[in-house]
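Here's the structure, in structure tokens; my notes come after.
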Amino acid sequence: MDKRSANAAEAISAIEDGAVVMIGGFGGSGAPIELIHALIDKRPRNLTVINNNAGNGRIGIAAMIDAGMVAKMICSFPKSSDPRAFTEKYLAGEIALELVPQGTLAERIRAGGAGIPAFYTPTAYGTELAEGKPIAEFDGRPYVQERWLKADFAIIKADSGDTHGNLTYNKAARNFNPLMCMAAARTIVQVSRLVEAGGIDPEHVVTPGIFVDRLVQVPNPQQEEAMIRAGMQYEGGIYP
Amino acid sequence: MDKRSANAAEAISAIEDGAVVMIGGFGGSGAPIELIHALIDKRPRNLTVINNNAGNGRIGIAAMIDAGMVAKMICSFPKSSDPRAFTEKYLAGEIALELVPQGTLAERIRAGGAGIPAFYTPTAYGTELAEGKPIAEFDGRPYVQERWLKADFAIIKADSGDTHGNLTYNKAARNFNPLMCMAAARTIVQVSRLVEAGGIDPEHVVTPGIFVDRLVQVPNPQQEEAMIRAGMQYEGGIYP
Amino acid sequence: MSSALPTMTEDAKLSSAQMAWRAAQDIRDGAYVNLGIGFPEMVARYQPPGRQAIFHTENGILDFGDAPEPGKEDWDLINAGKKAVTLKPGAAFFHHADSFAMVRGGHLDVAILGALQVSEHGDLANWRVGSKGVPAVGGAMDLVHGAKQVCVITEHVTKTGEPKLVEKCTFPLTGVACITRIYTSFAVIDITAGRFVLREKLPGMSMEQLQAQTGAKLHIEEPVGDLVTPAL
Amino acid sequence: MSSALPTMTEDAKLSSAQMAWRAAQDIRDGAYVNLGIGFPEMVARYQPPGRQAIFHTENGILDFGDAPEPGKEDWDLINAGKKAVTLKPGAAFFHHADSFAMVRGGHLDVAILGALQVSEHGDLANWRVGSKGVPAVGGAMDLVHGAKQVCVITEHVTKTGEPKLVEKCTFPLTGVACITRIYTSFAVIDITAGRFVLREKLPGMSMEQLQAQTGAKLHIEEPVGDLVTPAL
């Protein structure tokens with residue numbers, strides 16, 4: 001049992017055109033920047049990307065969109081300090097958007113991972129985001145039926161990982177990452193520290209290894225928000 | 001913010017006749033024995049108890065049943081090494097049973113805590129445990145609709161707790177405890193170690209304090225399985 | 001409604017800080033609170049002495065504190081508004097599904113949100129002005145369900161003087177029948193049984209003046225208090 | 001079916017250990033496996049050298065190991081059968097909802113369960129003989145859904161010689177159309193398109209003898225292998 005990949009390029013090598021890809025992170029925290037940029041180097045197209053946001057600046061998901069790789073975004077908040085990449089394509093009708101309330105997005109992903117094909121939530125009842133969805137009443141209150149979300153791949157940033165795929169995260173960079181690990185057919189993780197099995201206390205594991213397929217160590221990962229503030233942009237793996 | 005109670009009797013003092021009470025633990029691990037026995041001393045009646053099992057030997061939930069406090073059990077496996085207390089009352093028609101598959105029980109409790117009134121699961125489709133429940137097809141496969149489970153109180157065993165109610169557990173004694181913390185209107189916890197706020201690493205918290213109402217320190221708690229094997233029985237707070 | 005009444009002077013309304021102060025007075029010690037992104041975040045600054053609320057942020061932190069000193073930011077320690085924060089003793093991290101279980105499951109005591117419009121039925125519109133541009137909803141539609149009390153903090157009227165408290169929202173809805181209390185720059189208003197019930201108003205403002213700037217009828221159930229705050 | 005054929009001698013079937021050994025041969029290195037309480041737990045003993053499966057237990061452990069020495073038990077470290085276990089390096093603890101997310105969500109590679117009856121459609125009955133006594137289901141109804149492969153390990157016939165592989169289960173069902181492979185004391189049988197397809201049988205047993213002790217038709221799609229195991 002050893003889920004290590006030699007490098008980011010090898011780790012993401014199975015992601016092909018048309019794949020549905022969950023990408024961890026919320027705003028500038030928890031985004032697997034190195035895996036995303038390795039994916040841009042490979043450049044599969046016509047992807048559906050699931051993330052809370054829709055990219056920021058000229059790196060990460062925004063750089064994927066600029067590279068013409070993304071056909072559809074499923075997200076709750078496609079705005080950021082510099083949302084140009086998504087906004088331009090969206091207003092030009094070149095990228096599709098499925099807008100999902102944030103808690104419903106999280107729960108749909110968790111449901112995908114937990115084998116729950118549908119659930120009811122009060123969220124969005126009576127709003128345009130519930131249009132066309134089944135409504136049911138429980139105990140006299142109306143709820144909206146929502147479906148699970150699954151993906152072909154998840155690309156994830158964690159803090160420590162062991163060779164079995166057990167993971168911990170760094171502070172609020174946890175966010176959607178543990179859920180996406182559960183909901184993808186294949187989960188690919190970059191970790192800052194890769195340790196042997198037994199190197200993480202079983203009580204402190206946040207994502208059990210059963211939800212992880214491949215790991216690659218990226219010892220000093222880029223932090224998305226710090227990159228944005230430094231005005232960095234993706235140019236084929238080099239950050240000027 | 002200080003959720004400490006002086007002792008177990010004070011901690012459970014609000015539990016009255018007719019309450020729905022979730023009790024943590026799976027088999028012999030994670031059962032809040034001291035809180036249960038304090039509840040027997042108070043002796044509210046006509047309780048609905050939610051637990052994976054239905055008591056063992058002459059302590060804990062079995063002693064509650066013997067004391068005539070339990071009108072109904074909601075559980076997945078009302079058998080144990082010595083299930084006499086439940087079995088006698090059940091066969092005599094003196095206690096009601098709602099039998100729920102274990103994973104559905106866990107998910108219903110989690111749904112109760114997460115504000116999800118109903119969800120669909122493949123579990124129990126086509127069996128007698130799905131009789132009378134709505135069935136729906138998703139992507140060509142049939143699923144059973146299940147409702148959330150909530151409670152008036154949860155009584156829980158944790159390992160460490162801080163004054164804000166943040167909790168950690170000991171090994172497989174985690175089981176249903178974190179879920180029940182979420183699903184009860186009032187959650188009462190016994191902890192082996194009670195520390196000040198900040199005494200638990202925010203990365204290692206398993207149950208965030210928002211799900212906890214009261215804590216009492218029980219420094220060297222009884223372990224249910226060890227008590228069963230030692231032939232102990234409850235006799236008004238004294239273990240002979 | 002009528003626009004023949006005298007216009008309020010610029011001074012005759014609460015500042016944003018004063019609205020935030022007023023909202024903060026209603027938060028009890030130990031309450032679990034979510035403050036909407038932007039202006040509602042100011043509420044955290046004005047907790048009365050001796051009270052300590054615990055703040056929740058959708059992206060997975062309970063009990064975060066103020067912003068760090070400039071230059072000391074940890075960009076993995078941010079709130080839902082993507083601002084750098086710090087931790088208080090007793091903080092906890094958790095993933096998004098657990099975070100929204102707290103929201104949807106009724107575990108928050110109070111959520112305080114901004115508003116474009118609030119209707120007398122408690123409907124809220126706060127995520128989108130029309131159908132143009134890029135829509136973005138975030139956690140707003142979740143936050144209006146589940147918290148034991150969902151409040152709005154808002155200017156009483158728009159910059160062009162249009163009422164924000166209305167009979168029926170014209171902007172896309174965030175949630176239906178979800179708001180129970182409104183803190184505005186003129187008044188504190190509860191929503192009860194589909195009616196705006198006035199609890200406090202600026203002492204210098206007459207009922208007629210207030211009603212004229214409100215898009216639905218204000219009801220009075222008990223003596224109306226004076227809305228008085230420190231200079232902030 | 002016909003009972004006129006010669007009865008098998010006691011030796012002419014696999015022991016429980018031999019059945020467990022045979023099932024273990026199909027588990028690949030690194031597979032995530034849940035073994036039903038009781039007899040199926042024996043499968044863990046017979047992993048081929050060089051292969052290391054990771055065992056899941058419903059009550060919240062991945063990668064547990066053998067029982068501790070007598071007297072060294074930690075009763076907070078138990079499996080779903082309430083037996084004391086140990087941990088291997090790389091183990092993890094989690095709560096019951098996450099544990100059954102692993103089950104229901106299709107994350108287990110294999111689940112191996114005991115059976116009262118299995119039908120040719122893959123229906124399983126393994127939780128209750130009739131309607132008397134105290135019913136108890138545990139995790140069985142969850143385990144039959146979600147694992148990529150759900151197998152049964154069972155005596156081919158009951159102690160009184162009744163077939164356990166049948167056209168239609170008469171005992172209360174655990175799950176519908178969920179079983180894909182059966183390891184019995186006589187044979188290895190797949191369930192494909194609502195039919196029992198024989199893969200291996202004891203070399204000393206004729207097709208007629210096997211069919212006579214099976215409650216539904218055995219189909220043959222390719223040469224039937226010899227079911228041979230070490231003496232165990």
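Chain naming here is simple, since letters A, B, ... match the order of the sequence lines and numbering starts at 1 in each. Computed from a predicted structure; not experimentally measured.
When A:Lys150, A:Glu203, A:His204 are compared by the number of non-hydrogen pairs under 4.5 Å with chain D, A:Glu203 comes out ahead. Interface remark: of the candidates A:Gly115, A:Ala114, A:Gly198, A:Ala197, A:Ala114 forms the most heavy-atom pairs closer than 4.5 Å to chain D.
Contact annotation for D:Leu87: only side-chain heavy atoms (C-beta onward) come within less than 4.5 Å of a heavy atom of chain A. Only the side chain of D:Asp63 comes within contact range of chain A, with heavy atoms under 4.5 Å apart.
Shortest non-hydrogen contact noted between A:Ala130 and A:Val144 is CB-CG2, 3.8 Å.
With hydrogens and angles left out, the side-chain atoms of D:His56 and D:Ser99 include a donor and acceptor closer than 3.5 Å.
A salt bridge is absent between A:Glu10 and A:Arg4: the closest approach of a Lys/Arg side-chain nitrogen to an acidic carboxylate oxygen does not fall below 4.0 angstrom.
When D:Thr154, D:Val43, D:Leu227, D:Asp26 are each tested for a side chain to side chain contact (heavy atoms under 4.5 Å, CB included) with D:Tyr183, only one passes: D:Asp26.
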